[in-house]
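Because the structure is predicted, anything quoted here is derived from the model rather than measured.
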Amino acid sequence: MGLENKQSKKKKVTVNDIAKAVGMSASTVSRALSNHPKISSSTKDVVHKTAKKLGYFAGNSGYMQSGQTKTIIILVDHTQIHSAQTFVKAVQDALEKQDLQVLIKYLTDDDATSLKSLRQLSKFDTAGFISLLNDKRHLTQLSKLSTDYNIPLVVVNNANVESEPIIISPDIFNGMMLILRHLLRVRAVHPVLISNPDFVYAEALNDAFIEVADTFENKFEYYTLRVQNSYKELKFEIEQILKKHPETDAFITYNYDTALQLHYLLTSKHIKIPEDIKIVSFGDEDGQVYIFPKITSISYSLTEMGQTAAQQILNFIEKKSINNNLFIKPTKLIIRSSTMGI
């Protein structure tokens, strides 16, 4: 009995343990275990032999064991409960046809507690993670979890994470080009981009904004504003930018929720939209029935992203070669009254 208890408490082998044993990075080991095409055969042989010697396959790689119901976990920020429904449905429709169980996990701001429970799930029958997370902290920890337990990860957003997962991203550059061309047509030439440093594609959005604005040969005088997900902070920063730059005539927000907060803030200060200031959101939301003017937005298909995510997870499970790690999805501009010309 004592022997059984001792064995049951034996520490389970992780990818990090294998990495230390073979003198490689955890991400390289993870890709080798997944038979990634960019990893050499000799490296794969060393990793697989070491993994077997350490008892990794017997104790950890639950998604590779036969006879178990495979579960795909979709990770969603708690703020996305409504907006993620289209994406989740597309994933469910595709995977449940393949007899895969789909579990949706909403992560709260208390990411330590959320990821602790997720770590417990990952030890059993998890066949893959699909991340719709927008918070960099959550995504970083999920990436480590994916690497530690050699569980495939598909990230729906433009982000660089250690395990080099499949990334599915809206075409940020094209979206920004569409926004600035439209603002130029309606004579809004002093735009401000509002982004959040914790947002997974904040850097990509900032880079695209500056790069695209510069292609218009000094027709724009622009500024960038970084704000955490707080209405109080947004209010303070907007008041400061309008005081320093009263010529500001347009705001571009990094997501739709921030556009709504901005809409409320400006109208409460008796600033007219679109006469005084125009608003564009990078990201769209259906059913803008409670506000006026309605917000011009960059839209992209969450259904198509969900279908692509599901297919990539299936490729991992079926051990198909992964030839492409990045999928860029088309963006389009939906013009509404928040940017109408005067």
Side-chain angles (χ1 to χ4, degrees), residues 15 25-39 72-77 80 83-84 86-88 90-91 94-95 105 107 118 126-176 195-209 211 254-255 282-283 298-331:
V15 169
S25 69
S27 58
T28 298
V29 169
S30 178
R31 293 196 299 274
L33 290 169
S34 300
N35 291 317
H36 196 287
K38 291 184 179 180
I39 302 298
I72 308 299
I73 301 178
I74 304 176
L75 285 301
V76 182
D77 289 324
Q80 301 172 295
S83 60
T86 301
F87 174 86
V88 169
V91 174
L95 294 182
K105 175 73 174 176
L107 295 191
L118 190 62
T126 303
F129 293 125
I130 298 177
S131 167
L132 198 63
L133 301 174
N134 284 328
D135 191 308
K136 281 183 180 178
R137 298 165 303 168
H138 287 159
L139 186 55
T140 298
Q141 293 185 59
L142 176 62
S143 172
K144 185 177 185 306
L145 192 65
S146 167
T147 300
D148 285 350
Y149 293 99
N150 192 31
I151 298 174
L153 171 61
V154 173
V155 173
V156 184
N157 271 323
N158 194 29
N160 294 317
V161 292
E162 182 183 349
S163 61
E164 296 187 21
I166 300 295
I167 296 175
I168 305 168
S169 170
D171 191 336
I172 294 173
F173 184 89
N174 180 66
M176 194 58 69
S195 66
N196 182 339
D198 292 332
F199 199 69
V200 290
Y201 56 72
E203 292 178 11
L205 204 59
N206 273 275
D207 291 346
F209 176 64
E211 185 176 348
Y254 69 96
N255 67 359
F282 203 100
I298 287 294
S299 177
Y300 40 89
S301 174
L302 287 173
T303 296
E304 185 178 345
M305 284 185 162
Q307 291 168 343
T308 301
Q311 184 56 57
Q312 295 312 305
I313 283 292
L314 287 172
N315 289 344
F316 272 117
I317 292 172
E318 296 169 3
K319 300 180 183 178
K320 292 182 179 179
S321 296
I322 307 296
N323 298 318
N324 184 15
N325 279 53
L326 178 62
F327 296 84
I328 303 296
K329 298 302 181 181
T331 49

When rounded to the nearest 0.5 angstrom, what is the spacing between CG in Leu153 and CD1 in Ile73?
11.5 Å
Ignoring hydrogens and geometry beyond distance, is a side-chain donor-acceptor pair present between Ser195 and Asn206 at under 3.5 Å?
yes
Residues which pass side chain to side chain donor-acceptor pair (under 3.5 Å) with Thr28, listed by chain and number, not counting sequence neighbours
Ser25
Can you confirm whether Pro170 sits close enough to Thr331 that some side-chain heavy atom of one is under 4.5 Å from a side-chain heavy atom of the other?
yes
Taking every non-hydrogen atom, the tightest pair across Ala90 and Gly306:
CB-CA, 4.0 Å
Would you indicate whether the side-chain heavy atoms of His138 and Asp77 approach each other to under 4.5 Å?
yes
Going from CG on Leu133 to OG on Ser143, what distance comes out if it is rounded to the nearest 0.5 angstrom?
11.5 Å
Intermediate values then yes/no, side-chain contact (heavy atoms from CB on, under 4.5 Å), Phe199 and Tyr254:
CA-CA 8 Å; Phe199 199 69; Tyr254 69 96; 3.6 Å; yes
Please evaluate residues Leu107 and Val76 with respect to the criterion side-chain contact (heavy atoms from CB on, under 4.5 Å), reporting the C-alpha separation (whole Å), side-chain torsions for both, the decisive distance (0.1 Å), and the verdict.
CA-CA 6 Å; Leu107 295 191; Val76 182; over 6 Å; no
If I take atom CD1 from residue Ile167 and atom CZ from residue Phe327, how far apart are they, to the nearest 0.5 angstrom?
11.0 Å
Which residues pass the side chain to side chain donor-acceptor pair (under 3.5 Å) test with Gln311, sequence neighbours left out?
Asn315
Look up atom CZ in Phe209 and atom CD in Glu211, then write down how far apart they are to the nearest 0.5 Å.
13.0 Å
What pairs with Ser299 under side chain to side chain donor-acceptor pair (under 3.5 Å), at least two apart in sequence or on another chain?
none
In Å, rounded to the nearest 0.5 Å, how long is the span from CZ of Phe173 to CG of Asp207?
11.0 Å
Are the side chains of Gln307 and Gln312 in contact, using a 4.5 Å heavy-atom criterion?
no
CD1 of Ile130 to OG1 of Thr308: how many Å apart, nearest 0.5 Å?
10.5 Å
Do Ile172 and Tyr201 make a side-chain contact, defined as non-hydrogen atoms from C-beta onward lying under 4.5 Å apart?
yes
Are side-chain N/O atoms of Asn157 and Asn134 paired as donor and acceptor at under 3.5 Å?
yes
Show, in sequence, the C-alpha distance, side-chain angles and deciding distance for Phe316 and Ile166, and conclude whether the side-chain contact (heavy atoms from CB on, under 4.5 Å) test is met.
CA-CA 10 Å; Phe316 272 117; Ile166 300 295; 3.7 Å; yes
Trace of the side-chain contact (heavy atoms from CB on, under 4.5 Å) decision for Ile317 with Ile72
CA-CA 11 Å; Ile317 292 172; Ile72 308 299; 4.0 Å; yes
Close side-chain approach of Met305 to Leu132, heavy-atom, < 4.5 Å:
no
Min side-chain heavy-atom separation Phe129-Leu142 under 4.5 Å:
yes
Side-chain contact test, heavy atoms from C-beta onward, threshold under 4.5 Å: evaluate it for Val155 versus Ile168 and give yes or no.
no
